[in-house]
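Position 1 is the first residue of the sequence, and the numbers go up from there.
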Amino acid sequence: MRENECDLFNNRSEVSVNNGILIINRVIRADSGTYTLRLVDSVGSETSTDLQVIVEAPIGSVEVSIICSFSGMMRASCSSDGDLPLFSWTLNGDPLMDGNAIIDLDGGTDGNISCSVKNHVSHQQKTISVKRCPVSGVFVLVWCFQMMFLFGLLGGFHFYMRIKSAKKQEDEEVRMRSFREVHEHTAED
């Protein structure tokens with residue numbers, strides 16, 4: 001922190017005192033810092049106090065958007081202009097999460113979702129209505145292809161096992177025939 005030495009009344013026309021309140025209009029970020037306020041009364045007594053001045057841009061309009069993913073999840077994001085924004089969320093009046101501009105929700109979420117944004121200067125809020133994420137056509141299509149592939153594998157495996165079983169049975173019959181022929185020739189001799 002720095003202590004700024006300046007005579008606001010001589011250097012700025014935007015400074016005024018109204019009912020004991022010091023008003024500085026058109027401040028800039030460079031005006032932030034620690035100031036010592038010295039007051040001299042009509043008898044010449046001086047009092048002083050330190051003032052911490054923080055210049056922040058106020059929170060502008062708040063925007064909330066909802067995106068449904070292919071997996072059926074929902075992502076809510078909140079944005080706003082202003083310095084050092086702090087975010088908080090509610091769903092149907094119940095608190096969700098503080099601090100994050102983006103939150104993930106279940107795809108079945110519905111109701112009114114609110115994003116509040118505040119800083120040292122101001123506070124804004126936006127509420128929108130949220131509907132359940134629709135089942136994605138792409139998700140259903142991918143699922144169908146996966147099922148078709150799985151059934152194709154199972155069908156192919158079943159077909160392979162039948163062929164292998166038939167071949168094994170045929171080989172067994174050939175061996176039995178050979179065995180009988182060998183025994184028949186041996187019996188004839």
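Residues in residues 55-107 take part in these disulfide (SG to SG under 2.5 Å) pairs, two or more places apart or across chains: Cys68-Cys133, Cys78-Cys115. Among residue pairs with one or both ends in residues 156-170, those qualifying as salt bridge (Lys or Arg N to Asp or Glu O under 4.0 Å) are Lys167-Asp171; sequence neighbours excluded.
Grouping Ile, Leu, Val, Met, Phe, Trp and Tyr by side-chain contacts under 4.5 Å, direct or through others, puts Phe149 with Leu153. The other residues sharing a hydrophobic cluster with Tyr160 are Phe157, Met161, where clustering joins ILVMFWY side chains under 4.5 Å apart.
By the side-chain hydrogen bond (donor to acceptor under 3.5 Å, both in side chains) test, Ser77 is found to be paired with Ser65, residues two or more places apart in sequence or in another chain being considered. Legend: residues meeting side-chain contact (heavy atoms from CB on, under 4.5 Å) with Leu154, ordered by chain and number and at least two apart, are Leu150, Phe151. Annotation: salt bridge (Lys or Arg N to Asp or Glu O under 4.0 Å) contacts of Asp94 (sequence neighbours excluded): none. Here Lys131 pairs with Ser129 under the side-chain contact (heavy atoms from CB on, under 4.5 Å) rule; sequence neighbours left out. Evaluation of the side-chain contact (heavy atoms from CB on, under 4.5 Å) rule for Val40 yields Glu46 as partners, not counting sequence neighbours. For Thr90, the side-chain hydrogen bond (donor to acceptor under 3.5 Å, both in side chains) test picks out no residue, with sequence neighbours left out. Here His123 pairs with nothing under the side-chain hydrogen bond (donor to acceptor under 3.5 Å, both in side chains) rule; sequence neighbours left out.
Contact annotation: the side chain of Val53 approaches that of Val55 to within less than 4.5 Å [non-hydrogen atoms, C-beta and beyond].
No donor-acceptor pair under 3.5 Å is formed between the side chain of Asp50 and the backbone N or O of Thr34. Remark: side-chain polar atoms of Ser122 are paired, donor with acceptor, to backbone N or O of Ile59 under 3.5 angstrom. Distance alone, capped at 3.5 Å, is enough to place a donor-acceptor pair between the Asn119 side chain and the Asp83 backbone.
For the atom pair Lys118 NZ and Gln125 CD, the distance stands at 11.5 Å (nearest 0.5 Å).
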Side-chain donor-acceptor contacts of residues 103-114 below 3.5 Å, not counting sequence neighbours, with atom names and distances?
{"from": "Asp104", "atom 1": "OD1", "to": "Arg75", "atom 2": "NE", "distance (Å)": "2.8"}
{"from": "Asp104", "atom 1": "OD1", "to": "Arg75", "atom 2": "NH2", "distance (Å)": "3.1"}
{"from": "Asp104", "atom 1": "OD2", "to": "Arg75", "atom 2": "NH2", "distance (Å)": "3.2"}
{"from": "Asp106", "atom 1": "OD2", "to": "Gly108", "atom 2": "N", "distance (Å)": "2.7"}
{"from": "Thr109", "atom 1": "OG1", "to": "Asp106", "atom 2": "O", "distance (Å)": "2.7"}
{"from": "Ser114", "atom 1": "OG", "to": "Thr127", "atom 2": "OG1", "distance (Å)": "2.5"}

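Linking Ile, Leu, Val, Met, Phe, Trp and Tyr residues whenever their side-chain heavy atoms come within less than 4.5 Å places Met74 and Ile128 in a single cluster.
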